[in-house]
Amino acid sequence: MLSIPEIKEIWESVQQNKEAFRKQIDKWIKDGVAAIRAYADGKNNDFQPKQGNAVAWGIIAEAFKRGLDPADGKQRKMATAYLLERVSWTGISSDFKIDLTASRTRQLSDTMTVSKDLMVNLFLAAGGRGGVSAGGGGVSGELTNWDGTKKRNGWGM
């Protein structure tokens, strides 16, 4: 079947989308860990909006990578614990700051709401049926489905 050029082209496109999605998941995790570490190194009492967003996406990505449902509070807490395990605490000035950072991360996780629609979109992207996006789609900023039709709602949390 892969000897038919059109099918081979579609198959290769699906594989490229899957690889791009895996890279995006890893990037969200890396960015979430970096935001947690930046908070631990800083003097703020809470995550700044950009940091909080990176941590939230890191939690979602960690859940997705481990087969957990971030829409479920208990499973989201597990994903948060896994994300915190990735953080290097070397060089942090005090145990208090480490505990505060972990506590703030868990609080952010507790207040998150993750829609089932978001998870459906992530599963479609993971299966190679959707594009990879972190909130915008191309120059027009509109998201599209795998077949090129416009999405009615975005990836918001």
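Counting begins at 1 with the first residue of the sequence. Note that the structure is a prediction, hence the values are computed from the model and not measured.
Distance alone, capped at 3.5 Å, is enough to place a donor-acceptor pair between the Gln51 side chain and the Gln48 backbone. Thr105 contributes a side-chain N or O that, together with a main-chain N or O of Thr101, makes up a donor-acceptor pair within less than 3.5 Å.
Nearest heavy atoms, Val55 versus Ala35: CG2-CB, 3.8 Å. Nearest heavy atom pair, residue Pro70 against residue Arg76, reads O-NH1, 2.6 Å. Between Val33 and Arg86, the shortest heavy-atom distance links the atoms CG2-CB, 3.7 Å. When all heavy atoms are compared, the tightest approach of Ala71 to Val114 is CB-O, 3.3 Å. Across every non-hydrogen atom of Ile59 and Ala79, the tightest pair is O-CB, 3.7 Å. Closest non-hydrogen pair, Ile29 versus Ala61, comes out as CG1-CB, 3.7 Å.
A salt bridge is defined here as a Lys NZ or Arg NE, NH1 or NH2 lying under 4.0 Å from an Asp or Glu carboxylate O, and Glu62 with Lys65 fails to meet this definition. Electrostatic pairing of Arg37 and Asp41 counts as a salt bridge here, judged by a charged N lying under 4.0 Å from a carboxylate O. A salt bridge links Lys27 and Asp31; the closest N-O separation between the charged side-chain nitrogens and carboxylate oxygens is under 4.0 Å.
Summarising the geometry, atom CG belonging to Leu84 is positioned 5.5 Å from atom CH2 belonging to Trp89; distances are rounded to the nearest 0.5 Å. Note that the CH2 atom of Trp57 and the CZ atom of Phe64 stand 11.0 Å from one another [nearest 0.5 Å]. Atom CG in Asp69 sits 11.5 Å away from atom CE in Met78 (nearest 0.5 Å).
Between Trp28 and Ile60 there is no side-chain heavy-atom pair separated by less than 4.5 Å.
Between Tyr39 and Phe47, the ring-plane angle classifies as tilted under the 30° and 60° cut-offs.
Crowding of Lys97 atom NZ: a count of heavy atoms from other residues, nucleotides or ligands under 6.0 Å exceeding 12. Taking a 6.0 Å sphere around CG of Asp95, one finds it holds 12 or fewer heavy atoms contributed by other residues, nucleotides or ligands.
When Arg106, Arg104, Met112 are each tested for a side chain to side chain contact (heavy atoms under 4.5 Å, CB included) with Leu108, only one passes: Met112.
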